[in-house]
Amino acid sequence: MKDGENVTQERNEEYGSIVDVPGVKVGQAQDEAALTGCTVLVMENGAVCGVDVRGSAPGTRETDLLHPTHLVEQVHAICLSGGSAYGLDAASGVMRWLEERCIGFDVGVGVVPIVPAAVLFDLSVGSAKVRPDQQMGYRAARQASTHPVKQGNVGAGTGATVGKLAGMRHAMKGGLGSASRRLPNGLVVGAIVAVNAVGEVRDPATGRVLAGVRDEHGQIRDILSLMIEQGSSPVRPGTNTTIAVVASNANFTKAQANKVAQMAHDGLARTIFPIHTMHDGDTIFAAATGGADASVDLVGTLSAEVLAEAVVNAILAAETAGGIPAYRDLRPQA
């Protein structure tokens, strides 16, 4: 069987990553012992941004200002983090890094970097006392580059897990994934996602369940049958969440970016079942760096496609951690 690094490299070559979008850099930092981390997208020249929250237990920061009627037109970075609400602190470190470079919204006496953020719950793996903080956010921002995005147990996906409807001991490893699509006219659409769903993950091309709830023999159970059988889940509400960013180089307004964020959720619906539950805080940001003319319908449709690819990439690149097995450990040896 191919090792994780080779699998990730091959899929990067085939599917690309969000840094293929002009104006987008990605940096990541993690604590591999505590199993948590953060992923930062830096747009030094700014990007129009929208957001759509579908899960019932979100943890977010600076999302209100993304409404089309609100003042600020561009963001300078987006932070995806583990650590539940504690992890929102990582965005302050990103702000500090940007301020040191005079990147931000000009307020006359200085700049205020605009850094929306969303978090997922990973406190039940690794150490619950170690969470992404300002130092980790600063480090991730400092490392931001256009190098292909590392996937799997990195950044916000370090402690991510999926298939938790029967409790953590039956769960499987989630992770971070990315993908992109280039069109001949110069339009580029990309996605990055930290997959930490309460539900299972399916390959939309085949319908095969890649990661989900394991039974006592390590086999993946039918999740709908399980839900009907158990009636209620032992998982506490708000202890999961899949968070993502889709980006393009389209010339969009905030209203258009918000619509793209809405449409991008279809990518989660194609790969994660169930999705947008009371246990999740699923949130998608949509960023547009400008430079290419494209319709909202096209970019929204492509965003859902590349986000679905990124979710699958996250599961295929994930590695066993904290005693939680990954897809590659359960599939037949090649």
Side-chain angles (χ1 to χ4, degrees), residues 18-19 21 23-51 58-66 70-123 126-127 129-147 149-150 154-159 176 178 192 194 241 243-245 247 281 283 285-289:
I18 198 168
V19 294
V21 177
V24 175
K25 296 180 179 179
V26 171
Q28 306 194 84
Q30 57 275 327
D31 185 320
E32 295 178 358
L35 290 178
T36 193
C38 67
T39 298
V40 174
L41 289 82
V42 174
M43 288 77 71
E44 295 174 349
N45 295 320
V48 173
C49 190
V51 67
T60 59
R61 168 173 166 161
E62 297 278 45
T63 52
D64 282 352
L65 61 77
L66 303 182
H70 293 179
L71 174 65
V72 175
E73 288 296 325
Q74 293 189 322
V75 304
H76 306 99
I78 301 172
C79 183
L80 306 179
S81 179
S84 190
Y86 295 106
L88 290 171
D89 192 37
S92 295
V94 180
M95 287 185 68
R96 180 162 58 88
W97 185 86
L98 290 166
E99 182 189 21
E100 289 175 359
R101 285 150 186 81
C102 297
I103 299 171
F105 182 68
D106 188 352
V107 292
V109 294
V111 297
V112 178
I114 306 301
V115 185
V119 294
L120 55 79
F121 186 96
D122 57 6
L123 302 181
S127 172
K129 297 298 184 182
V130 177
R131 286 88 60 155
D133 54 14
Q134 291 189 33
Q135 289 72 31
M136 185 179 286
Y138 185 96
R139 191 164 73 249
R142 185 181 62 201
Q143 295 175 0
S145 74
T146 56
H147 296 308
V149 175
K150 187 177 180 182
V154 292
T158 303
L176 185 113
S178 190
I192 192 166
T241 299
I243 49 180
V245 180
T283 300
F285 296 100
T289 58

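Fair warning: this is a prediction, and the values are worked out from it, not measured in the lab.
The two residues Ala117 and Leu88 have their closest heavy-atom pair at CB-CD2, 4.1 Å. Closest non-hydrogen pair, Thr146 versus Val19, comes out as O-CG2, 3.5 Å. Summarising the geometry of Leu98 relative to Ala77, their closest heavy-atom pair is CD1-CB, 3.9 Å, with the distance given to 0.1 Å. Taking both residues in full, the closest heavy atoms of Gly137 and Val94 are given as O-CG2, 3.6 Å, listed atom of the first, atom of the second, then distance. Shown here for Val21 and Ala247, the closest heavy-atom pair between the two residues is CG2-O, 3.6 Å. Here the closest non-hydrogen pair linking Phe285 and Ala118 is CE1-CB, 3.7 Å.
Annotation: side-chain hydrogen bond (donor to acceptor under 3.5 Å, both in side chains) contacts of Gln135 (sequence neighbours excluded): none.
Atom OH of Tyr86 is surrounded by 12 or fewer heavy atoms from other residues, nucleotides or ligands within 6.0 Å.
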Which pairs of donor and acceptor atoms, one on a side chain in residues 30-48, lie under 3.5 Å apart (sequence neighbours left out)?
unit_1: Gln30; atom_1: OE1; unit_2: Gly155; atom_2: N; d: 2.8
unit_1: Asp31; atom_1: OD1; unit_2: Ala33; atom_2: N; d: 3.1
unit_1: Asp31; atom_1: OD1; unit_2: Ala34; atom_2: N; d: 2.9
unit_1: Thr36; atom_1: OG1; unit_2: Asp122; atom_2: OD2; d: 2.8
unit_1: Thr39; atom_1: OG1; unit_2: Gln28; atom_2: OE1; d: 2.7
unit_1: Thr39; atom_1: OG1; unit_2: Ala156; atom_2: N; d: 3.0
unit_1: Glu44; atom_1: OE2; unit_2: Lys25; atom_2: NZ; d: 3.4

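Formation of a donor-acceptor pair under 3.5 Å by the Ser92 side chain with backbone atoms of Gln134 is not found in this model. In this structure, the side chain of Ser127 engages the main chain of Lys129 through a donor-acceptor pair within 3.5 Å. A distance-only check finds a donor-acceptor pair linking the side chain of His70 to the backbone of Asp64 [under 3.5 Å].
Atom CD1 in Ile243 sits 11.0 Å away from atom CD1 in Ile78 (nearest 0.5 Å). Note that the CE atom of Met136 and the OG atom of Ser81 stand 7.5 Å from one another [nearest 0.5 Å]. Atom OG of Ser84 is separated from atom CG of Leu123 by 5.5 Å, given to the nearest 0.5 angstrom. Here Phe105 contributes atom CZ and Leu65 contributes atom CG; the two are 10.0 Å apart, rounded to the nearest 0.5 Å. Between atom CD1 of residue Ile114 and atom CG of residue Leu71 there is a gap of 9.0 Å, rounded to the nearest 0.5 Å.
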- Message: Between Ile103 and Val111, does the side-chain contact (heavy atoms from CB on, under 4.5 Å) criterion hold? Intermediate values first, please.
- Response: CA-CA 7 Å; Ile103 299 171; Val111 297; over 6 Å; no
- Item | Test log, rule side-chain contact (heavy atoms from CB on, under 4.5 Å), inputs Val119 and Thr241 | CA-CA 8 Å; Val119 294; Thr241 299; over 6 Å; no
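Evaluation of the salt bridge (charged side-chain N to carboxylate O under 4.0 Å, His left out) test over residues 97-117, restricted to residues two or more places apart or in two chains, returns Arg96-Glu100.
Between Met95 and Val112 the shortest side-chain heavy-atom distance falls below 4.5 Å. Proximity of Val75 to Val115: side-chain heavy atoms (C-beta onward) are nowhere separated by under 4.5 Å. Side-chain atoms of Val72 and Leu66, non-hydrogen and from C-beta on, never get closer than 4.5 Å to each other.
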